[in-house]
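Below is one structure. I have some questions about it.
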Amino acid sequence: MTHAEAAVEAAVADAHRRGWAQVLAATVRVTRDFDLAEECVQEAYAAALAGWGRDGIPDNPLAWLTTTAKRRALDAVRRTHTLRSKLPLLVEPLETGGAPADDEPDSLDPEHAVADERLRLVFLCCHPALAQEAQSALTLRLVCGLPTADIARALLVSEPTLAARITRAKRKIATARIPFRLPAAAELPDRLHAVLGVIHLLFTAGHTAPSGAPLTRPDLVAQAMRLARMLRELMPDEREVRGLLALLLVTDARRETRVDADGRLLLLEDQDRSLWDRAALAEGHDLIAGALRGGRPGRYLLQAAIASLYAEAPSYEQTDWPQIVALYDALLRAWPSPVVALNRAVADSMVSGPTQALQAVTELEQDGRLARYQYLPAVKADLLRRLGRSQEAAVAYRQALDLTGNDTERAFLEARLADLPQAR
Amino acid sequence: MAQYAILIYAKADVEEGEVVPGAREAHDRHFEDMVQSGALVAAFALHPADTATAVRGDTVTDGPFIDAKEVVAGVAVIEAPDLDAALAIAQANPAAQQGGGVEVRPVEGGYIADRPAAA
């Protein structure tokens, strides 16, 4: 490959990463049909690969791609006008007014109108009328522009299953008339929460692969991070958006140290803090510090604050445990979840001791909501181990092993079990 | 504009004494609101599920078709520009606040005879 060809390929790849969502959102305004719009956008990227080598990379690649995709869409719509679906996507006219968008050079689009288009797409994909599994699949397909095969692999379902899921979701969008527009102010908190939930889910799925050998799936983590950054750019004033981005940054900053050289899981207390990504931690810290000002913090911001506080301590022992417990108490008020209560118990074991923490964990166990959650018996086992109650700890480690699908985590639990004194 | 059916579900086996005070009045007010706004196309309230008779093939049995904790108590057909607008109307339905819930389904087609519903 020549130097010039490599440059074109890199420019197209960059435009795909940065611009797929905005090119697609502009094109779907013309087609009112996602399948056709996706086809036209794909063709535009293919045309860029061929044309930019010949004519040079345009000054504004995304405007070039948008114009090309929309022109193809117009041609296709004119050609197949009579054959088009009876139920097109419900597209509202752009609020910016003026001439119809397809007569206008896209480089003249006001910045905010383009931003709004991407947001519309995100909110459509994460509409609460769609199942969460459909929301994640649709977001990866339409907002990130990932091929179906990649999404299926990332979400651990077969390609036909995933393709059917996406088709069903698109059909529901058209049949039930889920609108392609920004939520009204009254709806925004709930709708934004659904969006943040999908991004967080993608990140978590990538960070701890539910089954199979490797602990992280970096591609999903990267997509989640990109979505969080995009949302932060589009909604700079939303504190929970900043909180989510900070949470992902701070969590991911420790990625390199979560397993040792042999791929074994390392607990926070055993991780080499000098290897953490200081730039990501600092960025997360700044986001949190800015967002904590003004009003009661939400769920993601508090989670980020907790993760950041853990990371700031020079060593595990020097963690500010009372402050961590206080943040967990605030988090429990914002998000009364048994998982939060379990994490609070872990932190509280460093303040009030393992006996009191074990009491809290036992109550959670009786509550039953975490019956399938592998970290509950794992936490219980660790507390029992610290109390010297090896027999009971062994029982709990085995319960945790029964619930854990990830090979790395299984190896960790097995090692802990084997290390117990007289655990036979 | 599109039409949506709002299927109103209530808890099955509600005893007379358990009825939320003011429940009927709340439904009447909601009905009036939908008429006033022009959203309402049709609405029907049904007698309790224990008055239902199920027919499947040649078999006739007592009770609703599906044995569930919630049963259909009524149905309304409304007109709305999109799903979000339909959901806003559905969310105002008192059934959603009275231990039941509503289901919103896009209408594919229908027919209403020009004749009043049973009194």
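In the text below, chain A, chain B and the rest are named by the order of the sequence lines, each starting its count at 1. Every value quoted in this text rests on a predicted model; they were computed, and no experiment measured them.
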Practice task
Please round to the nearest 0.5 Å and tell me the distance separating atom OG1 of A:Thr175 and atom CG of B:Leu83.
Solution key: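 The distance works out to 11.0 Å.
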Handout entry: Considering all heavy atoms, the nearest A:Arg177-B:Asp82 contact
Key =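 Nearest pair, atom of A:Arg177 first, then B:Asp82: O-CB, 3.4 Å.
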Exercise for the section: Might you point out which heavy atoms bring A:Ala176 and B:Pro106 nearest each other, and give the distance in Å? Expected result: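 In this case the closest contact between A:Ala176 and B:Pro106 is CA-CG, 3.8 Å.
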Handout entry: Whether over 12 other heavy atoms sit under 6.0 Å from B:Glu108 CD
Key =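 No, the 6.0 Å shell around CD holds no more than 12 heavy atoms from other groups.
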Handout entry: B:Phe31 atom CZ, over 12 foreign heavy atoms within 6.0 Å
Key =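 Counting other residues, nucleotides and ligands, CZ of B:Phe31 stays at 12 neighbours or fewer.
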Exercise for the section: Verify the neighbour count for atom CZ of B:Arg105: are there more than 12 heavy atoms of other residues, nucleotides or ligands below 6.0 Å? Expected result: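 No.
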